[in-house]
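In what follows, chains carry the letters A, B, and so on, assigned in the order in which the sequence lines appear, proteins first and then strands, with residues in each chain numbered from 1.
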Number of protein chains: 2
Amino acid sequence: MTLDLSVDRSSPVPLYFQLSQQLEAAIEHGTLTPGSLLGNEIELAARLGLSRPTVRQAIQSLVDKGLLVRRRGVGTQVVHSQVKRPLELSSLYDDLETAGQRPATKVIVNTVVPASAEVAAALGVAEDSDVHRVERLRLAHGEPMAYLCNFIPPGLLDLDTAQLESTGLYRLMRSAGITLHSARQSIGARAATAAEAERLAEEEGAPLLTMQRVTFDDTGRAVEFGTHTYRPTRYSFEFQLLVRP
Amino acid sequence: MTLDLSVDRSSPVPLYFQLSQQLEAAIEHGTLTPGSLLGNEIELAARLGLSRPTVRQAIQSLVDKGLLVRRRGVGTQVVHSQVKRPLELSSLYDDLETAGQRPATKVIVNTVVPASAEVAAALGVAEDSDVHRVERLRLAHGEPMAYLCNFIPPGLLDLDTAQLESTGLYRLMRSAGITLHSARQSIGARAATAAEAERLAEEEGAPLLTMQRVTFDDTGRAVEFGTHTYRPTRYSFEFQLLVRP
DNA sequence: TCAATGCATATGTCTGGACAATCTGACTAC
DNA sequence: GTAGTCAGATTGTCCAGACATATGCATTGA
């Protein structure tokens with residue numbers, strides 16, 4: 001069947017982006033069935049009144065997302081597998097919200113402390129200089145799910161306790177004009193200490209999932225250092241990986 | 001300082017790739033210092049005798065890797081942060097080897113079994129149909145580090161015990177002509193059972209790091225389903241994330 | 001029967017331009 | 001002095017082609 005594609009040249013949305021969105025919708029919707037060929041680029045460009053580079057740019061963006069596979073001499077195929085979303089720089093809050101769980105946050109600590117050696121190294125600030133320290137308990141359906149301890153360099157954003165309880169840290173940062181760029185993560189496990197067990201309603205010695213993360217903005221500045229502990233019976237890290245060709 | 005860039009038009013290596021490699025090397029080597037502007041694309045193209053799209057393609061590939069940031073009206077900047085490598089579809093074997101540890105593998109089980117419901121669903125094969133089952137103990141410096149249980153659909157590759165002990169599963173697959181494309185992973189934690197504790201030289205009830213993974217090739221076929229348990233005192237998952245703009 | 005050759009097809013690479021959108025900084029007007 | 005305006009610089013988007021190269025299939029040859 002011929003796909004119903006069209007572009008609006010009067011729109012400020014780039015043409016390649018209009019096309020890639022329509023193709024992605026068609027894949028998502030099942031109009032483009034997995035394994036089917038997309039039809040060659042030249043003909044597609046002619047049909048839409050676009051140039052081949054523009055069509056290629058649209059296709060390439062979907063290849064990067066893992067939705068399409070190109071084969072020279074063959075064509076462009078729709079990957080047929082349950083590709084969800086590749087791993088994003090997401091916050092636990094957003095994860096929970098999209099999963100339909102209603103996340104709640106209880107701010108335990110929201111203060112300014114001198115940076116320890118570890119925090120100073122992670123954030124790239126001087127030792128003993130002031131940094132924000134935020135500790136939060138994240139709940140889902142009223143049950144504790146994770147304990148989040150974060151350090152934030154001063155002057156980046158207002159850390160209002162009420163705001164911290166109503167949304168996630170990443171969302172606050174983005175709305176403060178910070179462009180998140182990359183993060184370095186480490187995921188491990190260890191036995192709960194007595195204090196941790198108490199906070200998360202677990203037993204001492206119970207296995208906990210741990211995550212440490214340093215987040216950088218697009219200037220390379222560290223904007224956040226976090227040490228999180230999760231209840232493994234309530235949470236696990238799920239993500240999709242793509243090979244870089 | 002002016003960067004020493006050049007391209008070899010007689011080489012079969014694409015021009016944009018030659019350029020991106022030289023730029024990456026310069027960044028890695030410190031010749032291009034973090035935060036410095038790259039100089040505008042037009043002038044760079046003229047200096048190298050290339051067209052602007054070619055130069056843009058080279059730069060774009062480094063932007064995708066997170067090494068550069070473009071800003072309209074400003075220029076292209078070298079990100080200054082310890083960007084290592086974004087998360088790749090890597091095997092534990094390769095990870096250990098590049099970390100300088102000498103990995104060893106002991107194949108515990110290498111047989112063919114009927115697929116359980118869980119395995120059949122993950123691999124997309126019929127329940128009770130034959131699949132390979134491989135169980136391996138991965139050691140580093142003679143110490144057990146992880147217990148790997150994998151299921152592989154039949155007919156994909158020869159599962160030779162000697163080969164499994166001398167290299168990793170992913171490497172075997174790649175050399176069998178399989179093009180790995182994506183994987184769906186889940187990382188969690190739980191307490192060790194008596195049997196698991198014994199295999200990994202831990203105590204019963206000790207926290208273990210767990211990973212489940214289904215790997216797909218570029219046709220969307222599932223080529224491997226694995227259930228791994230790691231000793232959290234010896235191993236953690238470390239990776240770099242990039243935001244997709 | 002099976003292997004080698006050749007051809008059509010599709011993507012990969014590259015060119016040389018054009019105009020638009022955005023950011024920075026300097027200049028001007030109040 | 002401050003705010004608004006404008007010009008220059010730079011990347012973003014787009015075009016119309018050209019040739020290279022890998023793939024799959026049909027044809028040809030042994």
Exercise for the section: Would you mind reading off the distance between A/Asn40 atom CG and C/dA8 atom P, rounded to a whole angstrom? Expected result: 16 Å
Problem - B/Gln18 side-chain N/O to B/Val13 backbone N/O, donor-acceptor pair under 3.5 Å - result: yes
Handout entry: Polar contact flag, side-chain donor to acceptor under 3.5 angstrom, B/Arg136-B/Asn110
Key = no
Problem - Euclidean distance, atom CG of residue B/Leu19 to atom P of C/dT15 [Å, nearest integer] - result: 11 Å
What protein N or O atoms touch nucleotides 16-19 of chain C N or O atoms at under 3.5 angstrom, if any, and at what distances?
unit_1: C/dA18; atom_1: N6; unit_2: B/Arg52; atom_2: NH1; d: 3.3

Handout entry: Residues in salt bridge (Lys or Arg N to Asp or Glu O under 4.0 Å) contact with B/Arg72, at least two apart in sequence or another chain
Key = none
Problem - Backbone of A/Gly35 reached by a side-chain donor or acceptor of A/Gln77 within 3.5 Å - result: yes
Problem - Rounded distance in Å - CZ (A/Phe17) to P (D/dG12) - result: 15 Å
Handout entry: Neighbour count >12 (heavy atoms, 6.0 Å) for atom CD, B/Glu28
Key = no
Exercise for the section: Can you spot which of A/Val214, A/Leu169, A/Leu180 makes a side-chain contact (heavy atoms from CB on, under 4.5 Å) with A/Val223? Expected result: A/Leu180
Practice task
In whole angstrom, give the distance that lies between atom CD1 of B/Ile59 and atom P of D/dT10.
Solution key: 12 Å
Handout entry: Side-chain N or O of B/Thr54 closer than 4.0 Å to phosphate OP1/OP2 of C/dT15
Key = yes
Practice task
Just compare D/dT11, D/dT13, D/dC15 and give me whichever is closest to any side-chain atom of A/Pro14.
Solution key: D/dT13
Completion exercise
Whole-Å distance, B/Leu44 CG to C/dT15 P, equals 12 Å
Handout entry: Donor-acceptor under 3.5 Å (B/Thr33 side chain, B/Ser36 main chain)
Key = no
Exercise for the section: Considering just the side-chain nitrogens and oxygens of B/Arg56, establish if one lies under 4.0 Å of OP1 or OP2 belonging to D/dG12. Expected result: yes
Practice task
Report the residues that fulfil side-chain contact (heavy atoms from CB on, under 4.5 Å) with B/Thr54, sequence neighbours left out, ordered by chain and then residue number.
Solution key: B/Leu15, B/Tyr16, B/Leu50, B/Ser51
Exercise for the section: Could you tell me whether the side chain of B/Gln240 and the main chain of A/Ser182 form a donor-acceptor pair under 3.5 Å? Expected result: no
Exercise for the section: Indicate whether OP1 or OP2 belonging to C/dC14 is found under 4.0 Å from a side-chain N or O atom of B/Tyr16. Expected result: no
Practice task
Take atom CD of A/Gln57 and atom P of D/dC15, then tell me their distance rounded to the nearest Å.
Solution key: 10 Å
Practice task
Give a yes or no on whether the backbone of B/Ile187 and the side-chain of B/Gln212 come within a donor-acceptor separation of less than 3.5 Å.
Solution key: no
Exercise for the section: Indicate yes or no for a side-chain donor-acceptor contact from B/Glu127 to the backbone of B/Ser116 under 3.5 Å, with no hydrogens or angles considered. Expected result: no
Taking only nitrogen or oxygen atoms into account, show me every contact under 3.5 Å that the protein makes with nucleotides 22-27 of chain C, one pair per line with its distance.
unit_1: C/dC23; atom_1: O4'; unit_2: B/Arg72; atom_2: O; d: 3.3

Exercise for the section: Please check the phosphate of C/dT11 (OP1 and OP2 only) for any side-chain N or O of A/Thr76 closer than 4.0 Å. Expected result: yes
Exercise for the section: Could you check how far CD1 of A/Ile42 sits from C1' of C/dG12, rounded to whole Å? Expected result: 12 Å
Completion exercise
In whole angstroms, the gap separating C1' of C/dA21 from CZ of B/Arg70 amounts to 15 Å
Problem - Listed partners of B/Asp158 passing side-chain contact (heavy atoms from CB on, under 4.5 Å), at least two apart - result: none
Problem - Nucleotide of D/dC15, D/dT13, C/dG12 approaching A/Arg9 most closely (side-chain heavy atoms) - result: D/dC15
Practice task
Take the C1' atoms of the five end pairs on each side of the helix from C/dT1-D/dA30 to C/dC30-D/dG1, get both axes, and report the angle to 10 degrees.
Solution key: 10°
